[in-house]
Amino acid sequence: MRIFVIIGRVLDPAGIVVNRRRGRIFVNQKDYILQPADRCALEAALRIKDAVGAEVVALPRGLQPDDDVMRQAVAAGADRAVHLTGEAFAEADEAAVTDVLAAAVERLDGADLILTGSTTLDAGQGQLGPRMAAAMGWPQVLDAWRVMATDGQVEAVLQGGSGYVTVAADLPAVVTLLPGALKLRYPDGARLINVYRGEGDVAEAVATWDVEELVDAVEPLLERRGKDFPPERERGMRVDGSPEEMAQAAAGALLERLGKVGGHDVIS
Amino acid sequence: MDFTFSPEHTALRRMIREFAENEVAPIAAEIDREHRVPYDVMRKLGEVGLLGVCFPQEYGGMGAGEMGYCILMEELGRICTSTATNVGAHIGIGAMAIYLDGDEEQKEKYLKPLASGEKFAAFGLTESNAGSDAANINTRAVREGDSWFLDGGKIYITNGGYADVITVLAVTDPSLGARGGITAFILESDWEGFSVAREEDKMGIRGTSTAELVFDGLRVPQENVLGKVGEGFVTFMKSLDMGRLTLGAACLGGAQAAVDWSVEWAKTRQQFGAEIAHKQSVQWMIADMATEVEALRSLVYRVAWMVDSGQSFTQLAAMCKMYGSEVASRAIDMALQIHGGLGLSRDFPIERAFRDARIAEIFEGTNEIQRIVIASNIFRQHGVRIRP
C-alpha cells in the first residue's frame with residue numbers, strides 16, 4: 001500500500017499576540033509548527049504503516065519556505081518526502097496546489113490513499129482534501145477521528161449526531177483528519193539527526209522538485225485585486241453615575257443609534 | 001562567528017520541548033510531592049533515543065553531540081530539575097565514564113543498553129570522608145587472580161537506589177595516591193556484595209534517588225576495570241567536566257523558567273492600579289535575571305561547541321557549573337520575590353524550583369571547588385601551580 005500524506009506548517013500561535021485594543025497582531029516569536037490537523041494525518045498514515053505495512057510519502061500543502069516540514073515527516077517515520085519549490089508556486093491557490101499535488105502523485109507512480117488535515121490553522125479553508133478527491137476522481141471521507149485501511153478499503157470514524165459512525169470507502173480514496181484526532185509520535189532521535197544531516201539510511205529520503213517539472217503552468221482560479229479592510233467599528237461609550245443615570249444614558253445612546261439606523265427619528 | 005543552532009539541533013530542541021511539556025510537566029509536582037523517581041519518563045526518554053543523545057550512533061546513541069545533550073538538559077531543567085538530575089547522573093557522569101574510557105567490549109555490553117534506557121547508570125565517587133576532597137576515598141579494591149574484591153561504600157549517589165550499572169572509584173594502591181593508586185570499575189547492582197543501605201530524604205530534587213551504597217567483598221571481574229589500573233581518578237575528573245557543563249545547561253533551563261514565570265505574573269498582577277510590570281523594581285529584577293540568563297546561555301553553548309570541536313574545556317565547564325547554579329538560584333529567588341506570598345505556595349512551581357536549585361551549588365563539585373578549578377587553570381596558564 002502507498003499512502004501519501006500532505007502536510008504544511010504554520011506560525012506557532014504561542015508566539016503571536018493579538019492586541020484587540022490597538023487592532024494589531026504582534027508576532028513575538030517566529031516559530032513554525034506542523035499544521036495540527038496535518039500532524040494527525042501523518043500519525044494516521046504511520047499507524048496504517050505499523051498495522052498493515054505501507055510506504056508513506058509526504059508532500060507539502062503548497063509552497064513552504066524550506067524543506068523542514070518534509071524532514072519532520074521523515075523523522076517521524078515517513079519513508080520519503082518530496083519538497084516542492086518554484087516561484088510560480090508562490091501564487092498558487094488551493095486549486096492550483098491541487099493540480100501540482102495530483103501531478104506529483106502521478107509522477108510518484110500513484111497512491112492507494114491520500115491523507116491530509118481537514119483544515120489549517122491560518123487560512124482554515126479546508127479545501128485541499130475535497131479538491132484532491134475531485135482531481136483524482138476518488139471517494140473522499142472528511143473530518144475523520146480515526147482511519148484504518150485494509151483489503152482495498154479504508155474505514156474512518158466520524159462524528160455523527162450525538163455519537164460516532166464508522167464509514168468505509170473503496171481504495172483509492174482521500175481522507176482528511178481533524179485537528180486533535182491523534183497524537184503524533186515522537187521521532188526516533190537518531191533518525192531525526194540523520195534526516196537533518198542527510199546521513200544514514202534516510203540520506204536520500206527528502207527530494208526537491210521544481211513544480212515546473214510537474215505542470216506546464218500553475219494556474220490559480222483566484223485573482224488577487226488588492227487588500228481591503230472592513231470599516232472601523234464604531235467605539236462604544238462609557239457611562240458613569242448612579243444606576244438610574246447610567247441606564248438613562250445607555251437607553252438614550254441606544255435610541256440615538258436606532259434613529260441613525262432607521263434614517264429617521266424613532267422617538268415619538 | 002555564527003550563533004545559530006543547526007537545523008538538526010533546532011529540530012531536536014522542538015522534539016525535546018514537546019516531550020518535556022507533554023510527558024514531564026504533568027508529573028513534575030507529583031514526583032516531588034511523592035518523593036518518587038519518574039521511571040516511566042526515564043524509559044520513554046530511552047525509547048526515543050534521548051538517553052543516548054550525545055553518544056555516537058554505533059553505540060546506540062543519537063549522535064547529537066554535547067550540543068544536543070545541552071539542549072536536552074536545558075529543556076528538562078526548564079520543566080523539572082529532578083528529571084534533569086536523573087538524566088544528568090545517567091548520561092553525563094554514569095554512562096559518560098564508560099564512553100570516555102571504556103574499551104569496545106564494555107561499550108558494547110554497557111553503553112548500548114544505557115543509551116537505549118534499557119538500563120540506568122550512576123556514578124559512585126563521594127564517600128563520607130571524600131566529598132570535595134575526592135581523592136581521599138577509602139573504598140578498597142584488592143586483586144586476586146582475574147578478579148578484584150571491593151570493600152567500602154559510597155554516599156549521596158544520584159540514581160544509586162535504582163541504577164543497574166554503577167561506575168565507582170576504589171583505591172588499588174594506597175602508596176600512590178590519586179594519580180596511580182585509584183582505579184575505576186564498572187559494577188552491576190545485582191552482584192553479590194552490593195547493597196543499597198539507605199535513601200536520603202531531601203529538601204530538593206525529591207524526584208530523584210540519592211542513595212548510600214555498600215560494597216561487602218564485592219567481586220568485580222578484571223574485564224570490568226574501567227580504563228587503566230591506577231588511572232581511575234583521571235577518568236572520573238574527565239566525566240565530571242562533561243557533567244559540569246550539562247549541569248550548567250540544566251540550570252540555564254531553570255533560570256529561564258524563572259524569567260518566564262516572572263514576566264507572565266508581572267503582566268497580570270495588579271497593584272496600585274496597574275500591572276506590576278510597570279513598576280521599576282520589578283522591571284529591574286527581570287532585566288537582571290534575563291541578562292544573566294543570556295550570559296549563561298552564551299557560555300553553555302560556546303563550551304558545548306568547544307567539546308564537539310575537540311577543544312580543551314575543563315576551566316570553562318567549571319564556570320558553566322558555578323555560574324549556572326548561581327544564576328539559577330538568583331533568578332528563582334527573584335521570581336519568588338516578584339510573586340510575593342504566592343511564590344511560597346505549592347500551587348505554583350516556584351517553591352519547588354527554589355528547593356531544587358540549591359543542590360546545583362553543591363553536587364558535581366561544590367562551587368568552592370569550581371572556583372579552585374578555574375583559578376588553578378588561570379594560574380597554570382601564567383606558570384604558577386596552585387597547591388591544594
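Small disclaimer: the values here were computed from a predicted structure and weren't measured. So you know, we letter chains A, B, ... as the sequences are listed, proteins then strands, and number each from 1.
In terms of non-hydrogen atom pairs under 4.5 Å with chain A, the most contact-rich of B:Gly52, B:Gly49, B:Ala11 is B:Ala11. Ranked by heavy-atom pairs under 4.5 Å with chain A, the first of B:His9, B:Lys44, B:Glu18 is B:Glu18.
Proximity to chain B is absent for every atom of A:Glu199, based on heavy atoms less than 4.5 angstrom apart. In this structure, no portion of B:Leu50 lies under 4.5 Å from any heavy atom of chain A. For a residue to count as touching a neighbouring chain, one of its non-hydrogen atoms must lie under 4.5 Å from one of that chain's; by this rule A:Asp31 does not touch chain B.
A salt bridge does not link A:Arg39 to A:Glu43: none of the charged side-chain nitrogens sits closer than 4.0 Å to a carboxylate oxygen. Of the charged side-chain nitrogens involved, none lies within less than 4.0 Å of a carboxylate oxygen, so that A:Arg71 and B:Glu8 do not count as a salt-bridged pair. In this structure, B:Arg14 does not pair ionically with A:Asp12, as no charged nitrogen and carboxylate oxygen lie closer than 4.0 Å. A salt bridge links B:Lys112 and B:Glu108; the closest N-O separation between the charged side-chain nitrogens and carboxylate oxygens is under 4.0 Å.
Across all their heavy atoms, A:Ala76 and A:Leu46 have their closest contact at O-CD1, 3.4 Å.
Aromatic pair B:Tyr301/B:Phe5: centroids less than 6.0 angstrom apart.
Remark: B:Asp288 pairs with no residue by the side-chain hydrogen bond (donor to acceptor under 3.5 Å, both in side chains) rule, at least two apart or across chains.
The stretch residues 55-69 of chain B places B:Gln57, B:Gly61, B:Met62, B:Gly63, B:Ala64 near chain A, each with some heavy atom under 4.5 Å from a heavy atom of that chain.
Side chain of A:Lys49 to backbone of A:Gly77: a donor-acceptor contact under 3.5 angstrom is found.
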